[in-house]
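Below, chains carry the letters A, B, ... as their sequence lines are ordered, and counting in each starts from 1.
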There are 2 protein chains.
Amino acid sequence: MRIVADNLHVVRPEIARALEALDPEPVQALVRRCVQAGAQAIDLNCGPLKRAPERRMTFLVEAVRDVTDLPLLLDTTNPAALAAGLSACGGQAIINGFSLEPAKLEGILPLARQYDADIVGYLLHPDSRVPHAADELMALAVALFEAYRALDLDPARLIVDPVVAPLAWPDGTRHNRAVLTLIRQLPELLGTPVRTMAGLSNLASGALPLARKIALEQAFLPMLAAAGLDLLLVNVLHGPTLATARLCTDLLAEGIFAWASA
Amino acid sequence: MRIVADNLHVVRPEIARALEALDPEPVQALVRRCVQAGAQAIDLNCGPLKRAPERRMTFLVEAVRDVTDLPLLLDTTNPAALAAGLSACGGQAIINGFSLEPAKLEGILPLARQYDADIVGYLLHPDSRVPHAADELMALAVALFEAYRALDLDPARLIVDPVVAPLAWPDGTRHNRAVLTLIRQLPELLGTPVRTMAGLSNLASGALPLARKIALEQAFLPMLAAAGLDLLLVNVLHGPTLATARLCTDLLAEGIFAWASA
């Protein structure tokens, strides 16, 4: 399981200001902290970038690239910003992401072919509704995979994200059980191994105390890991959550570990 | 998932002395602590009880029954002690347990019929070896179930324990991955829902620091819970482990919870 930092997010005021002012320092300071905390990839969540999308995304990619060579996920709904970011990365970034929403299928999915890039596909209904039952997620995964394959793209480049729901939602618990089932059954469902990603910070979003957020993350994370999750999108500055992620990787490893000395 | 305390164990010097002296106080003090910590059942692990097995087991059951009505698991390899304990409990205890070892099939399994009791069945080879690969566990589960059904016993009274292995064992990690698979697939494998139990304290046994033991327990427990485990045998005085168990039960619940207020 690879750890993707979700920390570089435009909802953080210092990141919003840095994007506005094209000031690399706050971005780079945060990325350095994420790398030190154990991030193995960085999600660049810059929002829709309504003004000067190409310039701002290029700035962001270059700012981050100056301090790390880790894989980057370009996380925006703006196709122009994605294209600029993919160019700035030399095509080595992951597009985050598309779904069955028509605007995403038309504006974003083709970029995966154009830039020969990995892409994240979210299991959402075409009208953006979040599904809840396991069979609904299964049907969306099949439809998403068909839309992806219709462009003759390589299944090995697709990453399916079944969208962890906030527990505060009325159907949150049921939805997240379906997420676990989806992750476990996806390879059999699609007939080919397709990677999966899940955003753990969604689980305990809202006004919960930090200790409770982290406890919930620590309890759900091993369930995701044991289901076979490939990419965990997480706040890497939640130290105990990261420690749990490392233990899960060890507990599920194929190799043999010298536990007594760890 | 129901929490079974594994604390009442003859390896504790104060419990060994209490059993020797037939002194109920240390037993009852420990049971009260377990109940307060959240135990939902108590395992009475009194060892083989080579001397005066009936008298000691009866003493133990009566000592515990004086302070709690929780379900009891009678955990000994001694059939005479089991019979005495089952009599003392009025047949309401769980036999812990049998396996494919001939002495267990002949001496212990028939007690389940005689006392109309639930019984734990361990997935061990007939020569007591611990299996490692998932297909080995599956084959043992089928053989155990057949031996159980050969006595015309009710599948609903059987509890299968696939035996969590110490991580310090060379094959411990691989074995425990197989344990998760077994728990998840058991109902389909046997064609009927059969309950499962797992002993979490085995995972990090040995000379590890307590904090590391608890961290490993907290990481593996949600994997067991998500696989569908029914009974978790655990040191209930490991507070963070118990807190994780409660979160797992909530995360996997069918109902809807008011998370924000929890």
Should the heavy atoms of other residues, nucleotides or ligands under 6.0 Å from CZ of Arg12(A) be counted, would the total exceed 12? yes
I'd like to check the salt bridge (Lys or Arg N to Asp or Glu O under 4.0 Å) partners of Asp118(A); sequence neighbours left out, ordered by chain and number. Arg157(A), Arg195(A)
Does Glu217(A) reach the side chain of Leu247(B), with side-chain heavy atoms less than 4.5 Å apart? no
May I ask you to test the Thr173(B)-Asp250(A) pair for a side-chain heavy-atom distance under 4.5 Å? no
May I ask you to check whether over 12 heavy atoms, not counting those of Arg246(A), lie within 6.0 Å of atom CZ? yes
Set of ring-ring contact (aromatic ring centres under 6.0 Å, His included) partners for His9(A), sequence neighbours left out: none
Residue by residue, which of residues 222-240 of chain A have a heavy atom closer than 4.5 Å to a heavy atom belonging to chain B? Pro222(A), Met223(A), Ala226(A)
So if I take each residue of residues 178-186 of chain B and look for any heavy atom under 4.5 Å from a heavy atom in chain A, which residues do I end up with? Leu180(B), Arg184(B)
Any donor-acceptor pair under 3.5 Å from Arg177(B) side chain to Leu251(A) backbone: no
